[in-house]
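Since we're looking at a predicted model, the values are computed, not measured.
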Amino acid sequence: MGYPDRPGWLRYIQRTPYSDGVLYGSPTYENVGKPTVIEITAYNRRTFETARHNLIINIMSTEDFPLPYQAEFFIKNMNVEEMLASEILGDFLGAVKNVWQPERLNAINITSALDRGGRVPLPINNMKEGVYVMVGADSPFSSCLREVENPQNQLRCSQEMEPAISCDKKFRSQFHIDWCKISLVDKTRQVFAPQEVVRGEGILPDVGEYRPPSDTLKSRDYYSDFLITLAIPSAVAVVLFAILGYIMCCRREGIIQLVHHSAIQKSTKELRDMSKNREIAWPLSTLPVFHPVTGEMVPPMHTDSFDNTNMPLMQTQQSMPHQTQIPQQPNAGEFHMTTFQRLEVNGTLKKGN
């Protein structure tokens, strides 16, 4: 009471609004001798009747009941609220006592696997979260529990294989224990080195009064630093622009790239203008030219009134001017027409079919 929440060592779990709530946890040495009062308030959802109860928890030191040998088991097929049930916990302690054979055996701590960083299981095949149960006894560990420390079982655990434990069959009927996660603690072998606590007087050493900087400090002019900060990047940028301009305008490769770029832009503009208006003049490639042989002006491939929407992509050879057709007779009684076109290359007249 007197605090907005329960103590840090005390946990509360309730799966559904209609299931039982469970308070569980293990106090620390700091809480020994201090009674913990938990105020519980409940109400009836149908009648709205309210009830209040104070739960007093008295914490005693474990030095009065020494349990130097402690073993922590990880049970895979249990949730923490199921393990906290008295009959389930009693069955587990009975199985451990049958294997361990101590005179006194008690449960020290019960922790959900989710509190140790475990993952929430998928809601299939009745999978459980898992629970860690630490038990303490007054006698050394049995040979069966020591089997998890031999090199063969340690190797199998490193390969994610089940170790061979002779007493596993005594738990398997009700509890599925992960023997690779078991930990054995023998506090009789732990030697605690006493640490000397040096307590000070609680007073800081006297180093004199605080002396702030005086007003006589020399002022500093940052104008030159500002100019240097701007001048260096500007000079680097100018050098880079000069190198780029030399490559693009003074070297043959750069000029060729500029010419190609200009030609592509010009052709693109011409095609766009033609697509917008089909009544404009034809491109230069379709205007009349001089024939290289006769010197006469050759008319364009089509007239201005020609319907360009139905113009074929390639003109047939019969429609080309200045062609000569010579009949051939490959077989008796059959004639074929072969087309020759006169071309003049470097002043020499050639024929091509």
Side-chain angles (χ1 to χ4, degrees), residues 9-11 22-34 36 57-116 118 128-154 156-157 162-194:
W9 57 268
L10 189 62
R11 298 181 180 277
V22 180
L23 280 171
Y24 69 99
S26 296
T28 60
Y29 288 101
E30 299 177 355
N31 307 112
V32 174
K34 300 178 182 179
T36 302
I57 302 175
N58 295 316
I59 303 172
M60 297 181 295
S61 176
T62 57
E63 297 179 356
D64 301 334
F65 307 95
L67 299 173
Y69 302 95
Q70 300 177 2
E72 187 178 52
F73 300 85
F74 177 63
I75 306 174
K76 298 184 290 185
N77 64 327
M78 289 286 176
N79 289 334
V80 62
E81 69 275 9
E82 298 174 348
M83 197 66 199
L84 288 170
S86 58
E87 60 275 8
I88 301 297
L89 183 59
D91 294 341
F92 178 74
L93 293 178
V96 174
K97 191 172 184 179
N98 188 19
V99 173
W100 201 336
Q101 298 296 331
E103 294 182 2
R104 188 171 67 252
L105 180 71
N106 291 327
I108 298 177
N109 187 18
I110 299 177
T111 308
S112 173
L114 300 182
D115 298 333
R116 298 285 187 89
K128 304 292 184 178
E129 297 173 356
V131 59
Y132 289 89
V133 181
M134 177 176 286
V135 297
D138 56 353
S139 61
F141 303 109
S142 63
S143 59
C144 173
L145 298 179
R146 290 289 187 182
E147 291 179 2
V148 298
E149 297 180 347
N150 61 51
Q152 292 79 8
N153 287 329
Q154 292 294 326
R156 294 175 65 88
C157 289
E162 288 288 339
I165 307 298
S166 59
C167 57
D168 180 61
K169 58 184 179 181
K170 298 182 179 181
F171 297 91
R172 182 65 63 177
S173 60
Q174 189 176 2
F175 306 100
H176 295 173
I177 297 178
D178 189 350
W179 293 100
C180 292
K181 293 185 179 180
I182 188 174
S183 61
L184 305 178
V185 179
D186 187 358
K187 291 190 174 182
T188 60
R189 298 182 180 180
Q190 296 180 0
V191 179
F192 297 95

Mind checking side-chain hydrogen bond (donor to acceptor under 3.5 Å, both in side chains) for [X] and listing every partner two or more places apart, or none if nothing turns up?
{"X": "E82", "value": "K128"}
{"X": "S173", "value": "none"}
{"X": "N31", "value": "T28"}
{"X": "N77", "value": "none"}

>> I'd like to know if the side chain of N153 pairs up with that of W179 as donor and acceptor (distance under 3.5 Å, no hydrogens or angles considered).
In response: no

Taking salt bridge (Lys or Arg N to Asp or Glu O under 4.0 Å) as the test, write out the residues that go with [X], two or more places apart.
{"X": "E81", "answer": "R15"}
{"X": "D178", "answer": "none"}
{"X": "R116", "answer": "E72"}
{"X": "K97", "answer": "none"}

>> Per the salt bridge (charged side-chain N to carboxylate O under 4.0 Å, His left out) rule, what does the pair list look like for residues 105-115, sequence neighbours excluded?
In response: R11-D115

>> Restricting to ring-ring contact (aromatic ring centres under 6.0 Å, His included), what partner residues turn up for F73, sequence neighbours left out?
In response: F92

>> Test of understanding: with ring-ring contact (aromatic ring centres under 6.0 Å, His included), list the residues that count as partners of F141, not counting sequence neighbours.
In response: Y69, W100

> Who passes side chain to side chain contact (heavy atoms under 4.5 Å, CB included) against L89, sequence neighbours left out?
Replying inline: M83, L93, A107, I110

> Should T36 and W9 count as side-chain neighbours, where that means a heavy-atom distance under 4.5 Å?
Replying inline: yes

